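Comments concern the structure below.
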2 protein chains.
Amino acid sequence: MQSVDTIIEHAERHCKSHGARLTPKRKQVLSGLILSEKALSAYELIDFCKEKFGESIPAMSVYRILEFLEEERLVHKLNLANKYVACAHITCSHAHEVPQFLICNQCNKVEEINISKSTMDELKENIEQAGFHLVSPQLEMNCICHSCATRN
Amino acid sequence: MQSVDTIIEHAERHCKSHGARLTPKRKQVLSGLILSEKALSAYELIDFCKEKFGESIPAMSVYRILEFLEEERLVHKLNLANKYVACAHITCSHAHEVPQFLICNQCNKVEEINISKSTMDELKENIEQAGFHLVSPQLEMNCICHSCATRN
DNA sequence: GCTAAAATGATATGTTGTAACATATCGCCA
DNA sequence: TGGCGATATGTTACAACATATCATTTTAGC
């Protein structure tokens, strides 16, 4: 696990490279999400930041900041859970395949893995046959992680 | 497209076969969802039933009824959209594969198709390798349907 | 018909997210 | 360097989705 500072530094360089600004608030929100090491709802993230940094950010601001971070591909929104998670690949520079998110129902830990091209091609073929076209090529699956599964 | 009555009749037989009751309210909610031919939120379903049957069902009841219908596998909840849709296979009796839902972002039309076992096995293998275990083997994908795609 | 269980109703509230408008901050260039 | 437009953040109100809790009605079985 890399340090938060390293990740933030990468994120800042990434933003600067095309004229976007990773302001202090935005850094704080992103740091919170990285530190939490799991998926948080916007309101959980507010509480986490309040506790961790002692500063209360209004809900509206958090939503706006999350939107910015999503556009910068530093954060992903998990629509299944209505939660947000830091991108697992902020410090890599390579282009990514279709992301697949495994969300633990119990502890909200998230694993971000990649679907192989062949599997994705099969899915896409199914979809086109049904007369639909894929818009958001992101898969989210309800799972239980190993540690939660063995704990119970 | 089969008639609603036929589908409801199947649903009723299915419930009776193991002692569950498809009450008039439950029939009404299921009928509404079938008639609408698309995914509806609980509140949209309330409005639809009010308009179609002239009877207003409280939100709480609709949620309870939807929960019952889900347990009976007559209705699916689409977590991506926070909407509910009638199962496309109420009148078939065969066991079903993993359902895959294609949701049109624009008109909320839903196509329920099946993932082939081989594709699903590939996904499951990825998941187990990441130390997670699949809980809800249902895939939901954000799509756009053919008619919405050509309309614009 | 009586009773326990199941279903439904009513009310309040929790949770997620956005609209609309006000204020503050930043970056540029005259 | 100071003012102006653009960007970012704050504030308030509210919409949409969902559940908790307790009251009432309906049903099935004796």
Side-chain angles (χ1 to χ4, degrees), chain A residues 11-12 15-33 38-50 53 55-72 74-85 103 105 108 140 142, chain B residues 11-12 15-33 36 38-50 53 55-72 74-85 103 105 108 140:
Chain A
E12 190 152 30
C15 287
K16 265 190 184 153
S17 74
H18 56 282
R21 283 185 289 163
L22 193 64
T23 65
K25 293 270 169 200
R26 288 169 175 172
K27 256 186 219 175
Q28 202 173 80
V29 168
L30 181 55
S31 300
L33 213 44
K38 59 178 185 175
L40 297 180
S41 77
Y43 285 83
E44 286 166 348
L45 183 50
I46 289 168
D47 293 344
F48 189 85
C49 285
K50 171 82 180 172
F53 309 121
E55 193 175 341
S56 192
I57 310 172
M60 190 70 250
S61 293
V62 167
Y63 278 105
R64 276 189 291 229
I65 288 170
L66 286 170
E67 189 184 10
F68 168 85
L69 295 171
E70 271 194 271
E71 278 163 10
E72 293 299 324
L74 298 169
V75 157
H76 300 286
K77 169 159 193 186
L78 302 176
N79 294 294
L80 269 195
N82 292 327
K83 289 182 193 301
Y84 302 82
V85 70
I103 309 167
N105 277 337
N108 285 318
E140 303 171 32
N142 274 320
Chain B
E12 191 153 27
C15 288
K16 265 190 185 155
S17 75
H18 56 283
R21 284 184 287 163
L22 194 65
T23 65
K25 294 270 169 200
R26 288 169 176 172
K27 256 185 220 176
Q28 202 174 80
V29 168
L30 181 55
S31 300
L33 212 45
S36 80
K38 59 178 184 175
L40 296 181
S41 78
Y43 284 83
E44 286 166 348
L45 184 50
I46 289 168
D47 293 345
F48 189 86
C49 285
K50 171 81 182 171
F53 309 120
E55 192 174 341
S56 191
I57 309 172
M60 191 68 250
S61 292
V62 167
Y63 277 106
R64 277 189 291 228
I65 288 169
L66 286 170
E67 190 184 8
F68 168 85
L69 295 172
E70 270 194 273
E71 279 162 10
E72 293 298 323
L74 298 170
V75 158
H76 300 284
K77 170 160 193 184
L78 301 176
N79 294 292
L80 271 195
N82 292 326
K83 289 181 193 301
Y84 303 82
V85 70
I103 309 167
N105 277 337
N108 284 318
E140 304 172 32

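Just so we're clear, the structure is a prediction, and the values are computed from it rather than from any experiment. Within every chain, numbering begins at 1; the chains are lettered A, B, ... in the order of the sequence lines, protein sequences first and strands thereafter.
When each of A:I57 and B:P24 is assigned the nucleotide of DNA chain D with its nearest heavy atom, A:I57 is the one assigned upstream, toward the 5' end.
Between the P atom of C:dG17 and the CD atom of A:E44 lies a distance of 10 Å, rounded to the nearest Å. The distance between atom CG of B:L30 and atom P of C:dA7, rounded to the nearest whole Å, is 16 Å. Between B:M60 atom CE and C:dT8 atom C1' the separation is 10 Å, expressed in whole Å. Atom C1' of nucleotide C:dT18 and atom CD of A:E67 are separated by 10 Å, given to the nearest angstrom. Regarding B:K25, its NZ atom lies at a distance of 12 Å from the C1' atom of D:dT26, rounded to whole Å. Between A:N82 atom CG and D:dA16 atom P there is a gap of 16 Å when expressed in whole angstrom units. The interatomic distance linking B:I46 (CD1) with D:dA18 (P) rounds to 11 Å, in whole Å. Summarising the geometry, the separation between CZ on B:F68 and P on C:dA6 is reported as 12 Å, rounded to the nearest angstrom.
A donor-acceptor distance shorter than 3.5 angstrom exists from the side chain of A:E140 to the backbone of A:N79, with no hydrogens or angles considered.
Within the 4.5 Å cutoff, the side chain of A:R64 has no heavy atoms near those of the A:K25 side chain. Counting heavy atoms from C-beta outward, B:F48 and B:L40 have side chains that approach closer than 4.5 Å. Considering only heavy atoms from C-beta on, A:L74 comes within 4.5 Å of A:C15 through its side chain.
If you check distances only, the side chain of A:R64 never reaches the base of C:dG17 with a donor-acceptor pair under 3.5 Å. Below the 3.5 angstrom threshold, one finds no donor paired with an acceptor across the side chain of B:Y63 and the base of D:dA20. One N or O donor and one acceptor, one from the side chain of A:Y43 and one from the base of C:dG17, sit under 3.5 Å apart.
Listed here is the closest heavy atom pair of A:R26 and A:F68: NH1-CE1, 3.4 Å.
If you check every strand for non-hydrogen atoms under 4.0 Å, B:P58 touches sugar and phosphate atoms only. Across all strands shown, A:R26 has heavy atoms under 4.0 Å from sugar-phosphate atoms exclusively, and none from any base.
Contact annotation: B:T23 does not reach the phosphate of C:dA7 (side-chain N/O to OP1 or OP2, under 4.0 Å).
Nearest nucleotide to the side chain of B:R21, out of D:dA28, D:dT12, C:dT8: D:dA28.
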